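Comments concern the structure below.
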Amino acid sequence: MGEAPAFCFDNLRNGFGFKSKGFETSADVGDKTFVIGGENNDSTSDIGVQIYDKSTGKWVIPTVLGTKPKPCKGHSAILLNEDRIMIIIRGSTPDDCIWFLEVDTKYVKEQKKVLGTEVVAWSKGVRGDADKPVVISGPSGVGKGTLINMLMKEFPSMFGFSISHTTRAPRCNENNGVHYHFTDRSVMEKDIKDGKFLEFASVHGNLYGTSIEAVEAVADSGKRCILDIDVQGARSVRASSLDAIFIFICPPSMTELDERLRARETETEEQILKRLRNAEAEIEQGKSSGIFDHILYNDNLEECYENLKEFLGLDGSAPTNHKPSPKGIDLPLNHTVSKFDNQVLINCETPELETASKNLILLDVSSLQGGAPGRTRELNVYSIDSFSDGLNEKLS
Ligand SMILES: Nc1ncnc2c1ncn2[C@@H]1O[C@H](COP(=O)(O)OP(=O)(O)OP(=O)(O)O)[C@@H](O)[C@H]1O
Ligand SMILES: Nc1nc2c(ncn2[C@@H]2O[C@H](COP(=O)(O)O)[C@@H](O)[C@H]2O)c(=O)[nH]1
């Protein structure tokens, strides 16, 4: 069990001729040293990332993906599984104190290939078993939006909609930033290239995509994220580490789909025909691709909605969705962080107390799920009373 001093002033960069401005941590992965640092201990500062490549003797500023932690008063860091660094933030809110910086995970490796640069990716640590995002897919006109609106209306504090980007023109009843982020193709293509999208696809001749930020904004609001995306997008999300549940909505017949699209009066004849042509392939893939956990037929709307609620475990009385709030990790300036198998121990010393009390916090990382882009979930946090032989109070 290796013990690492926390808030260490790491001389690493001085040793290589760099001026260190303050409180940084570092971790070695292969021949790279990842330096994670804020500027000083007095005020809050951003957590920047730099990489020292020992094989070339050069410093590299990586492309940083994901939403990063807010400016903070300091942090500790410890390497897990040789591919991600767990960061414990000082002076943060309870739901914002653990973050992960992925440095060599599958996602990071893929993004390095796509972007052609060094890449690191942040994901926020979520304690316990947070509800998984829900991906809803199906051909245009089947009623996805209608069902999602019903769900959001009945459970406004439970669900949040992931607002996609699209290059298609807004319909007369659609608002920018509410129904979609309407954008230019060149801007969206640049953002895709910069790794800002969880998934994207060309759908009926336009570009659509889910930004990492859209999904994180919902998670940050404490709600369960709903994504309305096409089958190609669902496939990409399935291949990502978002760890969602996938529902495919099927029409009762192509004739009925045709009627619904026409009755909506939002597309031209040409566009309707294009959407109907694409629907056949989508239905085929929706039923056979193995992407979806559940297929719902939207014939009678009310019945389909009841089935959707049942699948989401919402068929009884309206759930309160009030999980107990997790307690924070109140890190003092002096503490050590150590790791043993899948457990990280934070030893907070409070020498000013006569009894020199020790406050131990155990982070169980054995069941971590998900990861960048999105959230790293299933982190369990316990406090340990060092003066008794028993555990624990679960803090999450
Ligand atoms: N079960 C149903 N029976 C009859 N009409 C329905 C049913 N479900 C939805 N509709 C209607 O069908 C039309 C298309 O529905 P909606 O816009 O929700 O489809 P969608 O799957 O979200 O389409 P798109 O992918 O193009 O956004 C709407 O006018 C809606 O009111
Ligand atoms: N892959 C993605 N598909 C998306 C996204 N947002 C919407 N969609 C799908 O596009 C079609 C058409 O939508 P419309 O609003 O123009 O009728 C529909 O099937 C949506 O599910 C996205 O972010 N990614």
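When a ligand or atom number is given, it counts from 1 through the structure's own listing order. All figures in this text were calculated on a predicted structure; none of them were measured in a lab. Side chains included, hydrogens not; waters and symmetry mates left out as well; all remaining heavy atoms used.
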Using a heavy-atom cut-off of under 4.0 Å, does the side chain or the backbone of [X] touch ligand 2, or both, or neither?
X    : value
V203 : side chain
H165 : neither
H179 : neither
E267 : neither
Q232 : neither

Compare all side-chain heavy atoms of [X] with those of [Y] and state whether any distance is below 4.5 angstrom.
X    : Y    : value
R168 : H204 : no
V108 : T105 : yes
V344 : L80  : yes
R262 : I272 : yes

So for ligand 1, is [X] a polar contact partner (N or O within less than 3.5 Å, distance only)?
X    : result
G138 : no
S140 : yes
L261 : no
N298 : yes

Taking 4.0 angstrom as the limit and counting only heavy atoms of [X], give me the atoms of ligand 1 inside it, by number and element.
X    : value
R275 : 26 (O)
K144 : 18 (O), 19 (O), 20 (P), 21 (O), 22 (O), 23 (O), 24 (P), 25 (O)
D299 : 1 (N), 2 (C), 3 (N)
G145 : 18 (O), 20 (P), 22 (O)
P139 : 21 (O)

Within a distance under 4.0 Å of any heavy atom of [X], pick out the atoms of ligand 2 and give their elements.
X    : result
R168 : 14 (P), 15 (O), 16 (O)
G233 : 1 (N)
A201 : 1 (N)
K144 : 19 (O), 21 (O)

Lys/Arg-Asp/Glu bridge criterion (N-O < 4.0 Å) met for [X], [Y]:
X    : Y    : answer
D31  : K54  : no
K193 : E189 : no
K190 : D184 : no
K113 : E110 : no
E267 : R171 : yes

Exercise. Relative to the ring of H165, is the ring of F197 parallel (under 30°), tilted (30 to 60°) or perpendicular (over 60°)?
Worked result: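 It falls in the perpendicular class, over 60°.
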Exercise. Parallel, tilted or perpendicular: which fits the ring planes of Y52 and W59, with parallel below 30° and perpendicular above 60°?
Worked result: tilted
Top protein contact for [atom], by heavy-atom distance:
atom                    : value
atom 15 (O) of ligand 2 : Y180 OH, 2.5 Å
atom 24 (N) of ligand 2 : E199 OE2, 2.7 Å
atom 23 (O) of ligand 2 : S164 OG, 2.6 Å
atom 9 (C) of ligand 2  : D230 N, 3.8 Å
atom 20 (C) of ligand 2 : D228 OD1, 3.5 Å

Problem set entry | Side chain, backbone, both or neither: A263 near ligand 1, heavy atoms under 4.0 Å | neither
For this session: Check each of T25, D28, V120 against F34 using the side-chain contact (heavy atoms from CB on, under 4.5 Å) test, and report the only one that passes.
Result: V120
Seminar exercise, completed: Between L368 and the options T376, N81, N342, the side-chain contact (heavy atoms from CB on, under 4.5 Å) test singles out T376
For this session: For ligand 2, find out whether one of its N or O atoms is nearer than 3.5 Å to an N or O atom of T210.
Result: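 Such a contact does occur with ligand 2.
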Exercise. Is any N or O atom of Y208, backbone or side chain, closer than 3.5 Å to an N or O atom of ligand 2?
Worked result: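 For ligand 2, there is an N or O atom that lies under 3.5 Å from one belonging to Y208.
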Exercise. With a 4.0 Å cut-off on heavy atoms, does R171 reach ligand 2?
Worked result: yes
Exercise. What do the steps show when you test D293 against R238 for salt bridge (charged side-chain N to carboxylate O under 4.0 Å, His left out), and what is the final call?
Worked result: CA-CA 11 Å; D293 301 306; R238 188 52 115 177; 2.8 Å; yes
Problem set entry | C304 near ligand 1 by a heavy-atom separation under 4.0 Å | no
For this session: Select the closest option to atom 5 (N) of ligand 1 among R260, R262, E265, judged by heavy-atom distance.
Result: R260
Problem set entry | Flag, side chain of R260 to backbone of V142, donor-acceptor distance under 3.5 Å | yes
Exercise. Are the side chain of K223 and the backbone of P156 linked by a donor-acceptor contact shorter than 3.5 Å?
Worked result: yes
